[in-house]
Amino acid sequence: NAAQQDDLVVTDQLWLHALASFSILHRFVVHADIPFTAFQAGADAPLSGATAPRVDPSAAFGDVRLGARGKLVGTAEDAAVQANLALSSMVWLPTASEGYTGDGSVRVALSLVADGSTPRLYWSWSGGARIRPLVKLPGALPSRTGAGLYLGFAAGVFADEARRFAIGAEAAVDLTLDGANLFDPRAGVAHLLLTGHHRIAGGPFEIGAAFGPGVGQGAGAAEYRLIGFVGYAPTRAAPPPDEDEDGIPDKADACVEDRKSVV
């Protein structure tokens with residue numbers, strides 16, 4: 001029946017992201033993401049009529065993302081087994097140059113992040129809220145985007161003792177709550193990914209890839225995602241713990257709790 005045909009407005013997108021982050025005092029991180037689409041494609045309007053404007057196939061700018069993360073509590077950076085709890089925030093700016101590469105409005109996210117690792121395993125969990133304007137998309141069964149919850153989990157294994165190779169999996173879900181039921185498939189987006197990561201010669205250059213299916217029928221849901229990245233991540237070891245701030249690391253300090261006298 002022509003009246004029941006799907007209107008495939010966006011069928012394919014090729015995104016490129018330029019990302020940068022900077023660590024401050026081994027406790028805070030600020031980061032930025034500048035995205036744009038190198039290519040977009042969509043299907044012709046169905047016989048029943050278009051439900052939305054056609055996609056522009058040319059390259060387009062996306063919504064710039066700015067964020068920060070602060071460590072609340074955690075183990076020392078030189079600990080063999082690590083666990084950390086942090087607070088993270090993100091702001092999306094309405095910089096998109098085309099209707100299907102951004103929201104056209106400011107979005108904000110605030111989340112709690114927990115992560116950890118052992119010499120051979122790593123894991124992370126995040127959960128929080130995203131605030132964005134409510135939009136009802138047209139259709140026989142209309143879908144919505146708006147404020148909601150975000151949940152994500154990732155885990156994996158280091159394939160070698162130097163932790164140069166890592167293989168893992170990731171799951172994430174974004175649930176719209178503004179004007180929608182909690183698990184309405186038309187208001188939710190999720191993805192499952194298998195991931196691989198390699199630090200070339202132990203760093204600082206890194207490469208990685210991920211692939212997996214999408215779940216849900218919300219705006220932005222994909223049948224599958226294929227991701228690749230190339231990165232440069234120099235590291236600097238954190239200073240050893242010095243509880244009394246006397247310049248002598250705790251491991252070599254005979255009087256850890258005796259602080260320097262101030263004259």
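- Transitive grouping of hydrophobic side chains (ILVMFWY, heavy atoms separated by less than 4.5 Å) brings I200 and V230 into a common cluster.
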Full working for side chain to side chain contact (heavy atoms under 4.5 Å, CB included) between E98 and V55
CA-CA 8 Å; E98 201 271 339; V55 66; 4.1 Å; yes
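- Atom CG of L85 sits about 5.0 Å away from atom CG of L72, to the nearest 0.5 Å.
- Shown here are the salt bridge (charged side-chain N to carboxylate O under 4.0 Å, His left out) partners of R54, two or more places apart in sequence or in another chain: D7.
- At a threshold of 4.5 Å between non-hydrogen side-chain atoms, the residues D56 and Y100 do not count as touching.
- Taking Ile, Leu, Val, Met, Phe, Trp and Tyr as members and joining any whose side-chain heavy atoms lie under 4.5 Å apart, directly or through other members, the hydrophobic cluster of I227 also contains L193.
- Applying the salt bridge (charged side-chain N to carboxylate O under 4.0 Å, His left out) rule to pairs touching residues 146-155 yields nothing, sequence neighbours excluded.
- Within the 4.5 Å cutoff, no side-chain heavy atoms of P35 are placed close to those of D63.
- Transitive grouping of hydrophobic side chains (ILVMFWY, heavy atoms separated by less than 4.5 Å) brings V73 and L112 into a common cluster.
- For V113 against S88, the heavy-atom pair with the smallest separation is CG2-CB, 3.9 Å.
- Here the CZ atom belonging to R69 is positioned 14.0 Å from the CD1 atom belonging to I24, to the nearest 0.5 angstrom.
- Taking all atoms of both residues into account, the shortest heavy-atom contact from G62 to W15 is CA-CZ3, 4.2 Å.
- Partners of F158 by ring-ring contact (aromatic ring centres under 6.0 Å, His included), not counting sequence neighbours, listed by chain and number: Y122.
- M90 and V108 fall into different hydrophobic clusters, where Ile, Leu, Val, Met, Phe, Trp and Tyr residues are linked whenever their side-chain heavy atoms come under 4.5 Å apart, directly or through other members.
- By the side chain to side chain contact (heavy atoms under 4.5 Å, CB included) test, L25 is found to be paired with no residue, residues two or more places apart in sequence or in another chain being considered.
- For D160, the salt bridge (charged side-chain N to carboxylate O under 4.0 Å, His left out) test picks out R164, with sequence neighbours left out.
- Counting non-hydrogen atoms of neighbouring residues, nucleotides and ligands closer than 6.0 angstrom, the CZ atom of F229 exceeds 12 such neighbours.
- Taken together through direct or relayed side-chain contacts under 4.5 Å among Ile, Leu, Val, Met, Phe, Trp and Tyr, L151 and V215 form parts of separate hydrophobic clusters.
- Taking all atoms of both residues into account, the shortest heavy-atom contact from D115 to S124 is CB-CB, 3.8 Å.
- The two residues T75 and K71 have their closest heavy-atom pair at O-NZ, 3.2 Å.
- With a 4.5 Å cut-off on side-chain heavy atoms, L226 and F211 count as touching.
- Here F61 pairs with I34, F36, V64, T95, S97 under the side chain to side chain contact (heavy atoms under 4.5 Å, CB included) rule; sequence neighbours left out.
- Listed by chain and number, the residues in a side chain to side chain contact (heavy atoms under 4.5 Å, CB included) with A41 are T11, D12, F39 (sequence neighbours excluded).
- Across all their heavy atoms, A96 and T101 have their closest contact at CB-OG1, 3.4 Å.
- Qualifying salt bridge (charged side-chain N to carboxylate O under 4.0 Å, His left out) partners for D103, counting only residues two or more places apart in sequence or in other chains: R107, R132.
- Residues S58 and Q40 approach most closely at O-NE2, 4.2 Å, considering heavy atoms.
- Taking the side chain as every heavy atom from C-beta outward, L121 and V157 approach each other to under 4.5 Å.
- Here the straight-line distance linking atom CG of D33 with atom OG of S21 works out to 11.0 Å at 0.5 Å rounding.
- Under the ring-ring contact (aromatic ring centres under 6.0 Å, His included) criterion, F22 pairs with no residue, sequence neighbours left out.
- Partners of Y150 according to the side chain to side chain contact (heavy atoms under 4.5 Å, CB included) rule, which considers only residues two or more places apart in sequence or in another chain, are S126, R130, A172.
- Annotation: the span from L66 atom CG to H31 atom NE2 amounts to 9.0 Å, rounded to 0.5 Å.
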Determine, step by step, whether L110 and I131 satisfy the side chain to side chain contact (heavy atoms under 4.5 Å, CB included) criterion, reporting the C-alpha distance in whole Å, the side-chain angles of both residues, the deciding distance to 0.1 Å, and the verdict.
CA-CA 9 Å; L110 184 66; I131 300 173; over 6 Å; no
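- The side-chain hydrogen bond (donor to acceptor under 3.5 Å, both in side chains) analysis of residues 190-206, with sequence neighbours excluded, yields the pairs E170-H191, H197-E206.
- Contact of the S117 side chain with the R163 side chain is registered, since non-hydrogen atoms from C-beta on lie closer than 4.5 Å.
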